[in-house]
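One structure below.
Here is the naming used below: chain letters follow the sequence lines, and residue numbers restart at 1 for every chain. Keep in mind that the numbers below use all heavy atoms, side chains included, and drop hydrogens, waters and symmetry copies.
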Amino acid sequence: DSGVTQTPKHLITATGQRVTLRCSPRSGDLSVYWYQQSLDQGLQFLIQYYNGEERAKGNILERFSAQQFPDLHSELNLSSLELGDSALYFCASSPPGSGGGNTIYFGEGSWLTVV
Amino acid sequence: AQSVTQLGSHVSVSEGALVLLRCNYSSSVPPYLFWYVQYPNQGLQLLLKYTSAATLVKGINGFEAEFKKSETSFHLTKPSAHMSDAAEYFCAVRNNNAGNMLTFGGGTRLMVKP
């Protein structure tokens, strides 16, 4: 158990709908990362938050948005869903300090199926 | 920009044989390098990481990796494969810059034959 909690574990929804994925980081971790894993794209970085502020943005579609709340949990919002958005979405967290050498801990992911 | 290439999307070995999973990186600054393992229907678990200390890094489950700057490589090895090692393995690079996110390779699926 990495200590990163993601809900829901599985989600099936229809095209055009909107869903919210939730992540609770490890206790004490300030950074939250979102990744998308799909068969054709592999593991793609979407976005990072640090202590409530957006820190970096990757290949995140405009239909997707995220935020990190004062209690440090994070939500990834996916709207106008398309079949191609079906994927495993990972949340990850890392502790403050020591830069790039810190371990990034991953949750078990949220499986999204768009039908 | 940083990137990672994993040679071989599928590797098959016999139980008890040497495991060698290849990873080459590209980075404009000294990198931090990681190997993660993903078992079926599970998240990513850290196997080991290189953070500019010893070039030979030992990880969990008997795995180790050697950082070779001249070859820009960070190959993962294990002397003797177990059936339980069957999983997907990801190499990743991370720089100490703004965001310092992980950039992953395409992954290598390891199959272990009895």
Side-chain angles (χ1 to χ4, degrees), chain A residues 1-7 9-10 21 23-26 29-51 53-60 66 88-111, chain B residues 1-10 23 25 27-55 57 59-60 65 67 74 87-109:
Chain A
D1 182 3
S2 68
V4 179
T5 303
Q6 292 187 245
T7 58
K9 292 195 186 311
H10 299 274
L21 309 180
C23 170
S24 293
R26 296 181 339 135
D29 287 0
L30 300 182
S31 279
V32 168
Y33 308 78
W34 286 98
Y35 282 82
Q36 180 194 60
Q37 185 179 33
S38 60
L39 283 175
D40 53 344
Q41 298 285 338
L43 271 162
Q44 296 284 318
F45 168 71
L46 296 179
I47 198 164
Q48 180 203 0
Y49 280 81
Y50 182 86
N51 203 20
E53 299 290 327
E54 183 183 303
R55 174 69 74 89
K57 192 176 267 192
N59 299 322
I60 188 166
L88 180 57
Y89 291 85
F90 283 115
C91 174
S93 72
S94 67
S98 301
N102 279 350
T103 297
I104 296 182
Y105 297 88
F106 284 78
E108 297 206 345
S110 293
W111 278 100
Chain B
Q2 55 195 24
S3 65
V4 174
T5 301
Q6 291 183 241
L7 287 175
S9 58
H10 292 79
C23 171
Y25 70 91
S27 176
S28 58
V29 298
Y32 298 102
L33 294 161
F34 301 77
W35 275 99
Y36 283 84
V37 60
Q38 184 179 25
Y39 297 103
N41 299 316
Q42 294 190 26
L44 296 164
Q45 180 182 4
L46 180 71
L47 275 177
L48 49 81
K49 64 180 180 181
Y50 167 75
T51 59
S52 74
T55 56
V57 181
I60 62 172
F67 172 70
F74 190 56
E88 187 141 22
Y89 293 79
F90 292 93
C91 181
V93 63
R94 186 181 186 196
N95 288 339
N96 191 18
N97 56 9
N100 60 26
M101 77 292 291
L102 288 166
T103 298
F104 285 92
T108 297
R109 183 165 298 278

Just so I know, are the side chains of A:Leu43 and B:Gln38 near enough to count as touching, which here means a heavy-atom distance under 4.5 Å?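 No. Closest side-chain heavy atoms not under 4.5 Å.
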Which bit of [X] is near chain B, if near means a heavy-atom gap under 4.5 Å: side chain, backbone, both or neither?
| X | answer |
| --- | --- |
| A:Tyr50 | neither |
| A:Ser94 | side chain |
| A:Glu54 | neither |

Between [atom1] of [X] and [atom2] of [Y], what distance do you get to the nearest 0.5 Å?
| X | Y | atom1 | atom2 | result |
| --- | --- | --- | --- | --- |
| B:Leu44 | A:Ser2 | CG | OG | 9.5 Å |
| B:Tyr36 | A:Thr103 | OH | OG1 | 6.0 Å |
| A:Lys9 | B:Asn41 | NZ | CG | 11.5 Å |
| B:Phe104 | A:Gln37 | CZ | CD | 9.0 Å |

Does any backbone or side-chain atom of B:Phe90 lie under 4.5 Å from a heavy atom of chain A? Answer side chain, backbone, both or neither.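 Side chain of B:Phe90 only, per the 4.5 Å heavy-atom cut-off to chain A.
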Is the side chain of A:Tyr33 donor-acceptor paired with the backbone N or O of B:Leu102 at a distance under 3.5 Å, no angle test? no
Looking at A:Asn102, is its backbone amide N or carbonyl O close enough to the side chain of B:Arg94 to form a donor-acceptor pair, meaning the two atoms are under 3.5 Å apart? yes
Got a sec: does the CG of A:Leu39 have more than 12 other heavy atoms crowding it under 6.0 Å? no
Got a sec, which residues hit side-chain hydrogen bond (donor to acceptor under 3.5 Å, both in side chains) with A:Gln6, two or more places apart in sequence or on another chain? none
